[in-house]
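As a basis for the values below, the full set of heavy atoms in this structure was taken, side chains included, without hydrogen atoms, waters or symmetry mates. Note that this is a predicted model, so its numbers are computed, not measured. Letters A, B, ... are given to chains in the order of the sequence lines, protein chains preceding strands, and every chain is numbered from 1.
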Amino acid sequence: MTAPRSTPESTPQILPLELDGVCFDAGGNRLIKDISLRFEPGLRTVVIGPNGAGKSLFLRLCHGLLRPTQGSVRWQLGSSAARHQAMVFQRPVMLRRSVTANIDYALKLRKVPRRDRADIIDRVLQQTGLRRHADQPARVLSIGEQQKLALARAWALQPQVLFLDEPTASLDPAATHGVEEIIQAIHDAGTRIIMTTHDLGQARRLADEVIFINRGRILERAPAERFFEAQENDLARAFVRGELLWWHKGKDNRKQIPKPKEDI
Amino acid sequence: MTNFSDAFAAALGLVLSLDASLTEIVGLSLQVSLSAVAIAALIGLPVGAAIALFRFRGRFFIVVTVNALMGMPPVVVGLIVYLLLSRAGPFGVFGLLFTPTAMIVAQVLLVTPIIAALTRQVIEDLWIEYEEQMRSLGAGPGRAVPALLWDGRFTLITAILAGFGRASAEVGAVMIVGGNIDHVTRVMTTSIALEVSKGDLALALGLGMILLTLSASINAGAYLIQHSTKRWHA
C-alpha cells in the first residue's frame, strides 16, 4: 500500500478565505452586493435564500469560477489555493467514460501520480457505495448515483474546502439521504463544507452555521442553532417560516434594484 | 434494356473475378481518399476544437467561413489546386500536378472544413456542459481539448466518416488535378465518368456498385457506432 498522497494537515492551509467588498454584475444588474466575510477552517456552512438570491453566484465567486466585478476574494495560498478546493454542482457533470475513469481524470488533472490513483479511486468508491458500478459508463447511473460519483470525485481530490451547489435539488429523499451522509463523511475527514440549499430541513441537518442571502446581500449569518431558534432579520424569519408572501416585506429593498424583471 | 442487363452481368463478373484493372482503380481510390481523410482529421479535429473553445478576434468570420467551405464545389477546389500546382504556379517546382499526391491535396482541402466544422459543433456543445466542472477541476479550455475530443469520440467518428464519404464520392477535384491517367491517377469516380462517355457500361457499373457498397457500409458503420455506444454518450 502506498501512503496517502497528502492529508489536509500536512499541506499548507488555504483557509481562512476572505471576501472583501465583493460585487458581481451581469447584464447591467448588480447580482451580488458588497459581500465581506471570512471563512475559518472547520465548520459546515449552509447558505440559504430564495431562488435568484445569488447563492450559486456566491459559491462560484468563492471558488473562483467567476471573478468579482469589484472587491476581492483572497485565499491564503493565492492562486495555488485552487488545487485544494473542489465543487459539486446541482446537476452532476459526468464525462462520457466509466465511473473509474471519471475519478481518474480528475486525479490526473491534479497531477496525482498514476501509481497512487487506483488506491484512491478504490477507497472513494468504497466510501460512497459505488464500487459495484466501477466499470459502468458514468452516464447510465441514476441521477442520485451520479451525484454520489460527483462527491466521490471531489473527495478523491482531498480538498480542504468543498463547495456544493444545491447538491440534492433534483434528488428523491432516499438519494438525498445518501448524499447527505457522504457530505457528513467528507466533513468528518477534515474538509471544510460550504454549500447552498433551498431545503430548510437539510440546512437544519447539516449546518453548523447559516448564511441567509437575499437579493445578492448577506442579511444574516449565525450559528445554526441560534439561527433556527430565532432569526434576527425579518426577511430571514419570513423565509424560515415559509411565508409565501414573505418578500412583500422587502418592497423597499426591491425598489433599489434596477430592472428587476431582467434578473435571470 | 438487354444492353443494360448485359452490362450489369459483365460488371458483376468483373467485381467477382477481382479484375486487375478494377482492383487497381479501387486500390488507388482508397489510398487517395483514406490518406486525405487521415490528414484532414489531423488538421480538422484540433482546429475545430480550438475554434470551439477559444474566443478571439475574427472568430465569427472563421466560423462562417469554415461552415461555408463545407459546401465548396469540388471542381472549384480542383481548379484552385490546379493553379497552385501547375508549372507556372507557386508550387509548380514540385511537379505534383497529375500525381496521386495532388489528388490527396485537393481532397484534404475538401474534407478538412467538414471535419473542422462538425468538430467545432460537437466540442462547443460538450464544453457548454463541461466548462464549470472542468474549470473547477483545474482544466481551462487548452487542457480540456484532449478530454473533449475523447468524450466526443463517437460523434467525431461520424464526422470523419462524413468526410470520407465526400472524398470518395467526389469527381470534380480529382479529375482536374489528377487528370484521370490510366494506371497513374485513375480512380473510381473519374473512370466511371470516362467509361460512361466511352459507352463501356460494364466497368462503369462495376465501379458504381463498389462505390455504392462502400458508401452504404460507411453509413451502416456510422449508424452501428452511434447505436452500439449510446450508453456511453447518452
Residues 97-130 of chain B: residues contacting chain A (heavy atom under 4.5 Å, by number): B:Leu126, B:Glu129, B:Tyr130

Can you confirm whether [X] is buried at [atom1], in the sense that more than 12 heavy atoms of other residues, nucleotides or ligands lie under 6.0 Å from that atom?
X	atom1	result
B:Phe56	CZ	yes
B:Tyr223	OH	no
B:Arg59	CZ	yes

Sequence neighbours excluded - ring-ring contact (aromatic ring centres under 6.0 Å, His included) pairs with any residue from residues 53-83 of chain A: A:His63-A:Phe163

Exercise: identify the closest heavy-atom pair between [X] and [Y]:
X	Y	value
A:Leu65	B:Arg135	CD2-CB, 3.6 Å
A:Tyr105	B:Ala144	OH-CA, 4.3 Å
A:Ala86	B:Ser136	C-OG, 4.3 Å

Any B:Thr155 side-chain heavy atom under 4.5 Å of A:Arg96 side chain: no

Neighbours of chain B found in residues 87-94 of chain A - heavy atoms under 4.5 Å: A:Met87, A:Phe89, A:Val93, A:Met94

Approximate separation, where rounding is to 0.5 Å, of A:Leu95 CG and B:Asp151 CG: 5.0 Å

All side-chain hydrogen bond (donor to acceptor under 3.5 Å, both in side chains) counterparts of A:Asp165, not counting sequence neighbours: A:Ser56, A:Arg60, A:Thr196

Pair B:Trp150-A:Arg97, side-chain contact (heavy atoms from CB on, under 4.5 Å): steps then yes or no: CA-CA 9 Å; B:Trp150 177 248; A:Arg97 37 187 103 180; 3.5 Å; yes

